[in-house]
S.K.: 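A single structure is presented below for examination.
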Amino acid sequence: MVENRPFLTLLSHLIMIAGVAIVALPVWIAFVISTMDATDLLGGVAPLWPGDQFLENYATILFQGEQASSAPPVLLMMTNSLIMALGIAIGKIVISIISAYAIVYFRFPFRMFFFWMIFMTLMLPVEVRIMPTFKVIADLNMLNSYAGLTIPLIASATATFLFRQFFLTVPEELLEAARIDGAGPVKFFIDILLPLSRTNIAALFVILFIYGWNQYLWPLIVTTEDSYYTVVMGVQRMVAVPDADPIWHYVMTTALLGMLPPALVVLFMQKLFVKGLVEQEK
Amino acid sequence: MQKRVTFSHRYLPYLLVAPQIIITVIFFIWPAGQAVVQSVLVEDAFGLSTEFVWFENYQELFADPSYLQTFYRTIVFSFSTAALAMGFSLLLAVMADRIIKGESVYKTMLIWPYAVAPALAGVLWFMMFNPTIGIISFLLGKVGVSWNHYLNGDQAFLLVVIAAAWKQISYNFVFFLAGLQAVPRSLIEAAAIDGAGPFRRFWSIVFPLLSPTTFFLLVVNLVYAFFDTFAVIHATTQGGPAKATEILVYKVFNDGFIGLDLGGSAAQSVVLMVIVIVLTIVQFKYVERKVAY
């Protein structure tokens, strides 16, 4: 610190505490509501202190689901979300790392053409080509399937760039030495490049897991059967009940369960998360 | 761009890029091409025949006052969201940068909203502002503001801006804090010796040095507000009341899936594609060169 100004330091702390409170308030209120009974919420504004229905609400939502909007049990939706998040994260990493390997370590016709083709995916988010993409999925009979939920999303320009960038920093001598020792491209990749990429893969995995878990529009259009709903899009069914108020304590229980896994990933892997976040934008 | 020493192999490199390229072609490039084709066609009511109409769909689109209004609304929405999210995060990042003790605790407590899905962020704020049970609408009622986003379009708009910005705070905070910590201490110390107070130092030294970060975040936030906030709106206000929260991405979805206007929806898709392409180029140009100041 440049100079000692106790008043400003105190003010900084106060602003930080206020900021943290503003950021955390909605989640706290959601938690309070998720421990309430339907009758507790009839009286108007939600209280600030939890009620006693915590176990009942969470058990109902996890194993039975909300009956009023005939949403499936949240445990099922969370399993779907998990499959989708893992499928997308692992799929993106695998296909990106091998295509980056080809682009950096091989010389072959159309190399740059392929590179630019991968680059183009950056400019074509699902949101801008919803209808035709839906048609492709429907024609391929991929609606209501885990393949339909994951495969179309696993092309990744950012992951490919990240690995390419990293491979370019790997010393040339490693490859020369490996070749002198008689290692072929596959052996070099598995024994030398993969172990070197471990931290990058882990950091990217954290970001991509969150990305996959939080998908909304894609599962919304690809799934029509309840049994393939993911939790993030499933909660919408409980909010948008026609001609009635949402059953808030169930909605909040579901919302909290839906944000728990990625939030835990961020909190427990904070270092990797920040690394992944910053590297992605290089 | 490439290694000096490379492997040469007849088919292995093609095998390695194949999965990525196949998915890109089937699920990205082909549908995008279809959108472009669809956008110059008109289909009759039964889907039996299509007719090539040049740019009629686009002309109709830009002659449609409701589309232009949605366009304008999207721009206001994006800049409000970006401004709110960035302003709040910058304030917090500057404070966190000052603090020596406990900085990492604050950082941890601010970082997790990144993990919250936009849809869930929307649902949380939808509840906070709910006219019956919401604590904020309750407090607003105390000071004489009657809040009902089910009826009042401006309030619904404000609601989605707040929800969208809230989710983006942690991202901006991480980057602003990294940017602030990269500002050379010697410059700040020199200014302090010359008698500049904390505010003067911020405006004359730190803020200008932070401009590459700020510009980068502005682009990222605009892209986020344009495209990733679909979930915030779809899960809460559904574009209503009376289209007050309908943004471009929501309109494409709505016109395509609910209204089944294929040509119009495709033309909208193409317009959006142009926007993404422009934003991506801006972003990449910046990454290549960094902003000079």
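Just so we're on the same page: letters track the sequence lines, and every chain starts at 1.
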S.K.: Quick one, B:F28 with A:V126, criterion side chain to side chain contact (heavy atoms under 4.5 Å, CB included). Give me CA distance, side-chain angles, the key distance, then yes/no.
M.R.: CA-CA 8 Å; B:F28 287 77; A:V126 187; over 6 Å; no
S.K.: Output the distance between atom OH (B:Y11) and atom CZ (A:F108), rounded to the nearest 0.5 Å.
M.R.: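 The OH atom of B:Y11 sits 15.0 Å away from the CZ atom of A:F108.
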S.K.: Passes side chain to side chain contact (heavy atoms under 4.5 Å, CB included), B:W30 versus A:T133? Steps please.
M.R.: CA-CA 8 Å; B:W30 169 257; A:T133 317; over 6 Å; no
S.K.: With a 4.5 angstrom heavy-atom cut-off, which part of A:F119 approaches chain B: side chain, backbone, both or neither?
M.R.: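 Interface part for A:F119: side chain.
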S.K.: A:M252 versus chain B, heavy atoms under 4.5 Å apart: side chain, backbone, both or neither?
M.R.: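 Contact with chain B: side chain only.
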S.K.: Examine whether an atom of A:P261 lies under 4.5 Å from a heavy atom of chain B, and if so say whether it belongs to the side chain, the backbone or both; otherwise answer neither.
M.R.: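 Neither part; nothing is under 4.5 Å.
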S.K.: Which residue out of A:Y211, A:F188, A:F209, A:F110 racks up the most heavy-atom pairs below 4.5 Å with chain B?
M.R.: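 With the most close heavy-atom pairs to chain B, the winner is A:F188.
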S.K.: With rounding to the nearest 0.5 angstrom, report the CG to CZ distance, A:L217 to B:F227.
M.R.: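 One finds 12.5 Å between CG of A:L217 and CZ of B:F227.
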S.K.: Under 4.5 Å heavy-atom distance to chain B, tell me which part of A:V239 shows up: side chain, backbone, both or neither.
M.R.: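 Contact with chain B is through the side chain of A:V239 alone.
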S.K.: Among A:V232, A:V274, A:V186, A:T254, who wins on heavy-atom pairs under 4.5 Å with chain B?
M.R.: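 Sorted descending by pairs with chain B, the first entry is A:V232.
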S.K.: For B:V174, is it the side chain, the backbone, both, or neither that has a heavy atom closer than 4.5 Å to a heavy atom of chain A?
M.R.: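 Interface part for B:V174: side chain.
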S.K.: Restricting to non-hydrogen atoms, name the atom on B:I23 and the atom on A:P152 that form the minimum distance, rounded to 0.1 Å.
M.R.: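 Where B:I23 meets A:P152 most closely, the heavy atoms are CG2-O, 4.4 Å.
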S.K.: Can you find a pair of side-chain heavy atoms, one from A:I22 and one from B:F88, that are under 4.5 Å apart?
M.R.: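 A:I22 vs B:F88: side chains touch.
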S.K.: So which residue, B:V249, B:I136, B:L92, ends up with the most heavy-atom pairs under 4.5 Å with chain A?
M.R.: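 Most heavy-atom pairs under 4.5 Å with chain A: B:L92.
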S.K.: What part of A:M142 is in contact with chain B, defined as an atom under 4.5 angstrom from a non-hydrogen atom: side chain, backbone, both or neither?
M.R.: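 Contact with chain B: side chain only.
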S.K.: Over all heavy atoms of both residues, which pair between A:P125 and B:V276 is shortest? Give the atoms and the distance, please.
M.R.: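 That would be CD-CG1, 3.9 Å.
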S.K.: Answer with side chain, backbone, both or neither: which region of A:I210 has an atom nearer than 4.5 Å to a non-hydrogen atom of chain B?
M.R.: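 Just the side chain, heavy atoms under 4.5 Å.
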S.K.: What residue, out of A:V265, A:L264, A:L256, A:V170, has the most heavy-atom pairs lying under 4.5 Å from chain B?
M.R.: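 Counting heavy-atom pairs under 4.5 Å, the top option is A:V170.
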S.K.: Check whether B:I277 gets within reach of chain A through its side chain, its backbone, both or neither, counting any heavy atom under 4.5 Å.
M.R.: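 Contact with chain A involves both backbone and side-chain atoms of B:I277.
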S.K.: Checking B:Q238 against chain A: side chain, backbone, both or neither under 4.5 Å from a heavy atom?
M.R.: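 Contact with chain A is through the side chain of B:Q238 alone.
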S.K.: Counting heavy-atom pairs closer than 4.5 Å to chain A, which one of B:F226, B:F138, B:Y106 comes out on top?
M.R.: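 Most pairs with chain A among the choices: B:Y106.
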S.K.: Roughly how far, to the nearest 0.5 Å, is CZ of B:F27 from CZ of A:R129?
M.R.: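 Here the interatomic distance stands at 10.0 Å.
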S.K.: Which residue out of B:G256, B:A191, B:A266 racks up the most heavy-atom pairs below 4.5 Å with chain A?
M.R.: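 Answer, by heavy-atom pair count under 4.5 Å with chain A: B:G256.
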S.K.: Between B:S170, B:A96, B:A121, B:S265, which residue shows the highest count of heavy-atom pairs closer than 4.5 Å to chain A?
M.R.: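 Option with the top pair count is B:A96.
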S.K.: Side-chain contact, heavy-atom cut-off 4.5 Å: A:Y216 with B:P118?
M.R.: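 Of all side-chain heavy-atom pairs linking B:P118 with A:Y216, none is under 4.5 Å.
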S.K.: Keeping A:N214 on the side-chain end and B:A115 on the backbone end, is there a donor-acceptor pair under 3.5 Å?
M.R.: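 Checked: pair present.
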S.K.: In terms of the angle between their ring planes, are B:Y14 and A:F114 parallel, tilted or perpendicular, with boundaries placed at 30° and 60°?
M.R.: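 Ring orientation, 0 to 90° scale: perpendicular.
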S.K.: Under 4.5 Å heavy-atom distance to chain A, tell me which part of B:T280 shows up: side chain, backbone, both or neither.
M.R.: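 Side chain only.
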S.K.: Which heavy-atom pair separates A:V136 from B:P31 by the least distance, and what is that distance?
M.R.: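 Of all heavy-atom pairs spanning A:V136 and B:P31, the closest is CG2-CG, 4.1 Å.
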S.K.: Could you pull out the closest heavy-atom pair between B:L16 and A:A102, with the gap in Å?
M.R.: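 So the two residues come closest at CB-CB, 3.7 Å.
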S.K.: Of the backbone (N, CA, C, O) and the side chain (C-beta and beyond), which part of A:A21 lies under 4.5 Å from a heavy atom of chain B, both, or neither?
M.R.: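 Interface part for A:A21: neither.
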S.K.: Can you say whether B:L12 sits under 4.5 Å from chain A via the side chain, the backbone, both, or neither, judging by heavy atoms?
M.R.: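 It is the side chain, since no backbone atom gets that close.
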S.K.: Rounded to the nearest 0.5 Å, how far apart are OG of A:S99 and CG of B:L15?
M.R.: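 Atom-to-atom, A:S99:OG and B:L15:CG are 12.0 Å apart.
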S.K.: Can you tell me how far apart CD (B:Q20) and CD1 (A:I98) are? Round to the nearest 0.5 Å.
M.R.: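 It is 8.5 Å, given to the nearest 0.5 Å.
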S.K.: Do B:H234 and A:Q236 have side-chain heavy atoms sitting under 4.5 Å apart?
M.R.: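 In short, these two side chains touch, coming nearer than 4.5 Å.
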S.K.: Below 4.5 Å, heavy atoms only, C-beta onward: do A:M16 and B:L110 meet side chain to side chain?
M.R.: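 A side-chain contact exists here, since the closest heavy-atom pair is under 4.5 Å.
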S.K.: Please determine whether side chain to side chain contact (heavy atoms under 4.5 Å, CB included) holds for the pair A:M259 and B:L124, giving the CA-CA distance in whole Å, both sets of side-chain angles, and the decisive distance to 0.1 Å.
M.R.: CA-CA 11 Å; A:M259 67 180 75; B:L124 287 185; 3.7 Å; yes
S.K.: Which answer fits B:M128, side chain, backbone, both or neither, if we ask what part of it has an atom under 4.5 Å from a heavy atom of chain A?
M.R.: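 Contact with chain A: side chain only.
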S.K.: Taking atom OG1 of B:T24 and atom CD1 of A:I118, what is their separation to the nearest 0.5 Å?
M.R.: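 B:T24 OG1 to A:I118 CD1: 6.0 Å, rounded to 0.5 Å.
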S.K.: Please identify, among A:L25, A:T160, A:V235, A:L175, the residue contributing the most non-hydrogen atom pairs under 4.5 Å to chain B.
M.R.: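 Winner by heavy-atom pair count: A:L175.
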S.K.: Check whether any side-chain heavy atom of A:W248 lies under 4.5 Å from a side-chain heavy atom of B:T132, and answer yes or no.
M.R.: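 No - every pair of side-chain heavy atoms lies 4.5 Å or more apart.
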S.K.: Determine whether a donor-acceptor pair (N or O, by modelled atom type, separation under 3.5 Å) exists between the side chain of B:W112 and the backbone of A:V266.
M.R.: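 Answer holds: no.
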S.K.: Apply side chain to side chain contact (heavy atoms under 4.5 Å, CB included) to residues B:Y114 and A:I207 and explain how you reach the verdict.
M.R.: CA-CA 10 Å; B:Y114 177 86; A:I207 300 288; 4.2 Å; yes
S.K.: Hey, does the side chain of B:R98 reach the backbone of A:H13 with a donor-acceptor pair shorter than 3.5 angstrom?
M.R.: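 Not confirmed, B:R98 side chain does not pair with A:H13 backbone.
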S.K.: I'd like to check B:L279 versus A:M123 (side-chain heavy atoms, cut-off strictly below 4.5 Å). Are they in contact?
M.R.: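 Sidechains of A:M123 and B:L279: no contact.
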S.K.: If you compare all heavy atoms of B:P19 against all heavy atoms of A:I95, which two are closest, and at what distance to 0.1 Å?
M.R.: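 Scanning both residues completely, I find the closest heavy atoms to be CB-CG2, 3.7 Å.
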S.K.: Report the option among A:L8, A:I151, A:I97 that has the most heavy-atom pairs separated by less than 4.5 Å from atoms of chain B.
M.R.: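 Going by pairs under 4.5 Å, I would pick A:L8.
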S.K.: Among A:V20, A:T121, A:I130, who wins on heavy-atom pairs under 4.5 Å with chain B?
M.R.: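 It is A:T121.
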S.K.: Counting only non-hydrogen atoms closer than 4.5 Å, does B:L91 touch chain A with its backbone (N, CA, C, O), its side chain (CB onward), both, or neither?
M.R.: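 Side chain only.
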S.K.: Taking every non-hydrogen pair under 4.5 Å, which of B:V252, B:T108, B:V37, B:I275 racks up the most with chain A?
M.R.: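 When all of B:V252, B:T108, B:V37, B:I275 are compared, B:T108 has the most.
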S.K.: Please classify the contact of A:P185 with chain B as side chain, backbone, both or neither, using a heavy-atom distance under 4.5 Å.
M.R.: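 Its backbone and side chain both get close to chain B.
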